Protein chains: 2
Amino acid sequence: MDERSLLLLGILMVQSQHGYQINEFIEKNLGRVTDMKKSTAYATLDRLCEAGDVYMHAEQEGNRPFRKVYSITQRGTTHFFELLRFNLAKADKMNFSSDIGMMFLDHLPYEEFFPLLNERLVKLHKQIELFESTPPHGYGLGVDLAMEHHLVHLKADYHWLASVISRLQATQAK
Amino acid sequence: MDERSLLLLGILMVQSQHGYQINEFIEKNLGRVTDMKKSTAYATLDRLCEAGDVYMHAEQEGNRPFRKVYSITQRGTTHFFELLRFNLAKADKMNFSSDIGMMFLDHLPYEEFFPLLNERLVKLHKQIELFESTPPHGYGLGVDLAMEHHLVHLKADYHWLASVISRLQATQAK
DNA sequence: TATAACATGTAACAAGTTACATGATTTC
DNA sequence: GAAATCATGTAACTTGTTACATGTTATA
């Protein structure tokens, strides 16, 4: 919703782009930061257009498929800064869907939940490796910080889970 | 969706309860773990009923408003364990809406973003304090672990943000 | 000549939220 | 007698996803 708009407006703050281009940029570079899908982006761009935050004009080079090029308007720029300020001052509400399962851990015997948690630990480890093997984009300080933020939480999650597993193991050993 | 069902089934694994009771339990004790709203719970209970995971019977004590008491069925129990195993083995996909804003930090001058990030830091601090001032529930190992998990991420977020602020300050000072 | 990449969308669906509606009973 | 608590919902809306539809051009 608001974050989707902020994302699109922010991308258009750099330069005018057409929808496909925007979607590609998101897919290739921001897959970790957002999960917005293409059709959502197209629809949101439409909404921003209607709201006057963004201005669209069609372009066509030769016989290539036509494109809708979006540019941010003055109004959109103002809106962007509003959304940005709000977003930066806001503390994320974090809720982790895995906490739901965690709460009911007690219903499974050790032999059951131990391999399950280990499976999760391995998945987290792979995500971290993937992250660390990817070089920084160089799209600017902000983007790098966002990536760093993500990594911090991945690692926190990993270490916590590892500690849970070893504590549970210790309890079991008694 | 699946987590909502898991949550409700898990609550009913302990004992049969009526909707209001379930909602109250969630509101009072699990507000940190889930953001499910009352009407969603009622609707989900209906769906679980239709699916045969849960069995409903109406009760009325004297003249008090009637209640729908839900009990988990054999099928529901099986389903609960399926959902639980899947949930425990799963790594959360984490995306933080605040990362969107972070990415565009560069668009604001230091004098602007510094107080905004500080405002966020204060909010995080308050959340952590609130968390730590609340005694553990004693609803079991799993619930305590889920709370601990939440706190771990809050603290990771806090420390990261503090480090970002001091690094940005250092850059600025040059 | 097939298929990947370019470029846009729509329609149907699913999930969840908000705000409202209802009505009894206990408490102040 | 008013307000809070008990107990349930429904209808309208928002948001987002999935899967499909369309047609061109470069590449293998």
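It should be emphasised that the depicted structure is a prediction, and the values quoted were computed from it without experimental measurement. For the numbers below, each heavy atom of this structure counts, side chains included, while hydrogens, waters and symmetry mates do not. In the text below, chain A, chain B and the rest are named by the order of the sequence lines, each starting its count at 1.
- For the side chain to side chain donor-acceptor pair (under 3.5 Å) test, no residue two or more places apart in sequence or in another chain qualifies with A:S5.
- Atom-to-atom, CZ of B:F66 to P of D:dT8 comes out at 7 Å; the value is rounded to the nearest Å.
- Look at A:H18 and you won't find any side-chain N or O under 4.0 angstrom from OP1 or OP2 of C:dT8.
- No side-chain donor-acceptor contact under 3.5 Å links A:T73 to the backbone of A:Y55.
- With salt bridges taken as basic N to acidic carboxylate O contacts below 4.0 Å, none links A:E119 and B:R85.
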Legend entry - Canonical and wobble pairing (Watson-Crick, G-U, under 3.5 Å) of DNA chain C, dot-bracket with |: ||||||||||||||||||||||||||||
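- Pairing each heavy atom of A:L8 with each of A:A41, the nearest pair is CD1-O, 4.0 Å.
- Residues passing the ring pair (Phe, Tyr, Trp, His ring centres under 6.0 Å) test with A:F131, sequence neighbours excluded: A:H150.
- A:L84 and B:G101 make their closest contact through CD1-O, 3.3 Å (heavy atoms, listed as atom of the first residue, atom of the second, distance).
- Taking B:R47 as the reference, nothing meets the side chain to side chain donor-acceptor pair (under 3.5 Å) condition, with sequence neighbours excluded.
- A distance of 3.5 Å separates NE2 in B:H153 from CG in A:D157, rounded to the nearest 0.5 Å.
- Listed by residue number, the members of residues 19-34 of chain A with any heavy atom below 4.0 angstrom from DNA chain D form an empty set.
- For A:Y70, there are no ring pair (Phe, Tyr, Trp, His ring centres under 6.0 Å) partners two or more places apart in sequence or in a different chain.
- With sequence neighbours left out, B:H159 forms a ring pair (Phe, Tyr, Trp, His ring centres under 6.0 Å) with no residue at all.
- Between C:dG16 and B:R4, a contact under 4.0 Å exists linking OP1 or OP2 to a side-chain N or O.
- In this structure, B:Q17 has no side chain to side chain donor-acceptor pair (under 3.5 Å) partners at least two apart in sequence or on a different chain.
- The separation between B:K38 atom NZ and C:dA21 atom P is 18 Å, rounded to whole Å.
- Residues of residues 41-50 of chain B having a heavy atom closer than 4.0 Å to DNA chain C: none are found.
- Scored by the side chain to side chain contact (heavy atoms under 4.5 Å, CB included) test, A:N29 finds A:F25, A:H137, A:Y139 as partners (sequence neighbours excluded).
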Could you pull out the protein-nucleic contacts involving nucleotides 18-20 of chain C (nitrogen or oxygen on both sides, under 3.5 Å)?
residue	atom	partner	partner atom	Å
C:dT18	O4	B:S39	OG	3.3

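- Within the nucleic acid shown, A:D35 comes within 4.0 Å of sugar-phosphate atoms alone, with no base atom in reach, counting heavy atoms only.
- With rounding to whole Å, A:R67 atom CZ is found 17 Å from C:dA5 atom P.
- Checked against side chain to side chain donor-acceptor pair (under 3.5 Å), B:D53 has the following partners two or more places apart in sequence or in another chain: B:R75, B:H79.
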